[in-house]
**Q** 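Below is a structure I'd like to ask you about.
Sequence positions, counted from 1, serve as the residue numbers for this chain. Indexing begins at 1, ligand by ligand and atom by atom, following the structure's order.
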Amino acid sequence: METKLYVIDKEEPDIRILAEAADVLKQGGLVAFPTETVYGLGANGLDPGAVAGIFAAKGRPSDNPLILHIAEPHEVEKLAREIPANARALMERYWPGPLTVVLERTRAVPDAVTAGLDTVAIRLPDSLVARTLISLAGVPVAAPSANTSGRPSPTTAQAVMTDLAGKVEIVIDAGPCGIGVESTVIDCTTPVPTLLRPGGVTLEMLMDTLGEVEVDPALAQGSAIPRSPGMKYTHYAPAAPMTLFEGPAEACEAGIVQAVSQALAEGRRTGAVVSAETAKQLPQSAVIAVYGSRLRPEEAAANLYSALRRFDADAVDIIFAEGLPEQGLGLAVMNRLRKAAGYHIVRCA
Ligand code: TXA
Ligand code: MG
């Protein structure tokens with residue numbers, strides 16, 4: 001299949017392009033489209049055959065459920081059996097936006113979407129291109145991030161093309177995504193809502209609406225797991241093995257400078273994903289991907305995935321990454337960095 005790549009204006013999208021893409025969705029085909037978080041790989045969420053196409057194109061394990069994207073808040077009523085008050089409060093406050101709410105599903109939702117679970121994940125994106133496409137398709141759009149399974153999520157149409165050219169009918173290019181990490185996933189079927197994935201809506205924002213939020217133990221656990229050879233936790237990952245340095249900024253900076261220098265001295269092609277502050281201290285012979293200032297986690301979020309993808313073009317043998325404080329979007333960035341590093345973490349003090 002030859003993939004059509006259409007460039008479209010973010011604020012004033014050409015409706016003819018979106019109508020053509022919506023037709024592809026209605027006919028059971030795949031369309032990659034921008035959202036405010038990352039690019040999504042969309043299919044008709046009510047059509048099990050179309051949804052199967054998503055899993056095939058990504059090489060995604062079939063036991064990992066998908067998010068259904070809607071264009072209007074009322075569409076949630078057809079998909080969710082019950083909407084608890086706290087879920088309603090979250091949707092009213094943060095939709096449209098980078099928030100995915102997990103609710104008990106109705107029979108309208110195919111098993112292929114939920115991987116057989118009794119729950120369904122639903123999100124109303126803020127991106128005008130995404131919402132217009134969903135409206136024109138007239139169905140909820142199932143969409144994971146538009147990357148090959150296990151690779152960093154795409155925040156540009158070029159990154160989508162790298163992974164999925166020839167596997168989808170249309171890729172819509174509206175430029176880089178503003179937020180850069182995926183939506184927050186919160187399970188509202190538990191008595192106290194449970195944060196399953198930190199993302200664009202921060203934990204602080206959730207607390208502000210809910211007062212109380214459980215954090216999925218798997219999230220906290222990750223950071224405590226030391227390197228365990230052979231254990232396969234890797235996700236959002238570049239091709240080369242990565243080590244994440246966590247701790248006070250100055251200590252991390254010193255640790256990375258030393259590790260990079262040593263790897264270079266050993267003759268290894270060495271990559272570094274670091275803050276602008278640390279980048280200045282690194283030997284120029286390293287392949288350096290800067291995510292922005294360590295004081296601005298939203299910059300790190302916006303640049304993280306393209307920084308990780310940088311090492312595809314510039315094949316390196318080993319990568320060192322710098323952590324940052326877990327406030328605001330920093331929590332989501334650290335979650336992705338830990339996974340990308342396969343939980344291979346060095347604690348600096
Ligand atoms: O920002 C985003 O959320 C992007 C854009 C395209 O909207 N989408 C995205 O989809 O990141 P994906 O498939 O890469 O991640 C969806 C996450 C997965 O971790 C999945 O396990 C979880 O949501 N999920 C989906 N349905 C679920 C459910 N019923 N219960 C618990 N987790 C669920
Ligand atoms: Mg994904």
**Q** Which of the atoms in ligand 1, numbered in the order shown and given with their element, are less than 4.0 Å from a heavy-atom of Thr119?
**A** 28 (C), 29 (N), 30 (N)

**Q** How close does the nearest protein non-hydrogen atom get to atom 27 (C) of ligand 1, and which residue and atom is it?
**A** Pro65 CG, 3.4 Å

**Q** Determine whether the side chain, the backbone, both or neither of Thr37 has a heavy atom under 4.0 Å from any heavy atom of ligand 1.
**A** side chain

**Q** For ligand 1, which atoms, with element, lie under 4.0 Å from some heavy atom of Leu196?
**A** 31 (C), 32 (N)

**Q** Can you check whether Asp314's main-chain N or O pairs, donor with acceptor, with Arg269's side chain at less than 3.5 Å?
**A** no

**Q** Does Pro176 offer a backbone N or O that forms a donor-acceptor pair with the side chain of Lys10 under 3.5 Å?
**A** yes

**Q** Can you find a non-hydrogen atom of Arg105 under 4.0 Å from ligand 1?
**A** no

**Q** Which residue holds the protein heavy atom closest to atom 23 (O) of ligand 1, what is that atom called, and what is the gap in Å?
**A** Val185 CG2, 3.9 Å

**Q** Do ligand 1 and Tyr39 have nitrogen or oxygen atoms that lie under 3.5 Å from each other?
**A** no

**Q** Any atoms of ligand 1 less than 4.0 Å from a non-hydrogen atom of Glu182? List them with their elements.
**A** 1 (O), 2 (C), 11 (O)

**Q** Please determine whether any non-hydrogen atom of Pro98 lies less than 4.0 Å from an atom of ligand 1.
**A** no

**Q** For Asn64, take its heavy atoms, then give the atoms of ligand 1 lying under 4.0 Å from any of them.
**A** 18 (C), 20 (C), 21 (O)

**Q** Could you grab the distance from atom CD1 of Ile179 to atom CG of Leu304, nearest 0.5 Å is fine?
**A** 14.0 Å

**Q** For the backbone of Val257 and the side chain of Gln281, can you confirm whether one donor and one acceptor N or O come within less than 3.5 Å of each other?
**A** no

**Q** If you take the nearest heavy atom of each of Ala130, Ala121, Gly116, which one is closest to atom 26 (N) of ligand 1?
**A** Ala121

**Q** Give a yes or no on this: more than 12 heavy atoms of other residues, nucleotides or ligands lie within 6.0 Å of atom CD of Glu77.
**A** yes

**Q** What protein heavy atom sits nearest atom 16 (C) of ligand 1, and how far off is it?
**A** Ile67 CD1, 3.6 Å

**Q** Side chains of Thr190 and Glu214: any donor to acceptor distance under 3.5 Å?
**A** no

**Q** Inspect the surroundings of CD in Glu204 and state if more than 12 heavy atoms from other residues, nucleotides or ligands are less than 6.0 Å away.
**A** yes

**Q** At under 4.0 Å between heavy atoms, which part of Arg60 makes contact with ligand 1: side chain, backbone, both or neither?
**A** side chain

**Q** Run the numbers for me: atoms of ligand 1, each under 4.0 Å from some heavy atom of Gly40, listed by number.
**A** 6 (C)

**Q** At a 4.0 Å cut-off, with the gap strictly under it, does some heavy atom of Thr114 reach an atom of ligand 1?
**A** no

**Q** Does CD in Glu212 sit with more than 12 non-hydrogen atoms of other residues, nucleotides or ligands closer than 6.0 Å?
**A** no

**Q** What protein heavy atom sits nearest atom 7 (O) of ligand 1, and how far away is it?
**A** His69 NE2, 2.6 Å

**Q** Could you tell me, atom by atom, which parts of ligand 1 come under 4.0 Å of a heavy atom of Ser145?
**A** 8 (N), 9 (C), 10 (O), 12 (P), 14 (O)

**Q** Any sub-3.5 Å donor-acceptor pair from Ser145's side-chain atoms to Asn147's backbone N or O?
**A** no

**Q** Can you list the atoms of ligand 1 that are under 4.0 Å from a heavy atom of Arg123?
**A** 1 (O), 2 (C), 3 (O), 5 (C), 7 (O)

**Q** Give a yes or no on whether Asp118 atom CG has more than 12 heavy-atom contacts from other residues, nucleotides or ligands under 6.0 Å away.
**A** no

**Q** Could Glu75 and Arg131 be called an ion pair, given the rule that one side-chain N must be under 4.0 Å from one carboxylate O?
**A** no

**Q** Can you list the ligand 1 atoms lying under 4.0 Å from a non-hydrogen atom of Leu117?
**A** 28 (C), 29 (N), 30 (N)

**Q** Among protein heavy atoms, which lies nearest atom 4 (C) of ligand 1, and at what distance?
**A** Val38 CG2, 3.8 Å

**Q** Judging by distance only, is a nitrogen or oxygen of Ser183 under 3.5 angstrom from one on ligand 1?
**A** yes

**Q** With a 3.5 Å cut-off and no angle check, do the side chains of Arg123 and Thr35 form a donor-acceptor pair?
**A** yes

**Q** Geometry only, no angles: is Arg197 polar-contacting ligand 1 at N/O separations under 3.5 Å?
**A** yes

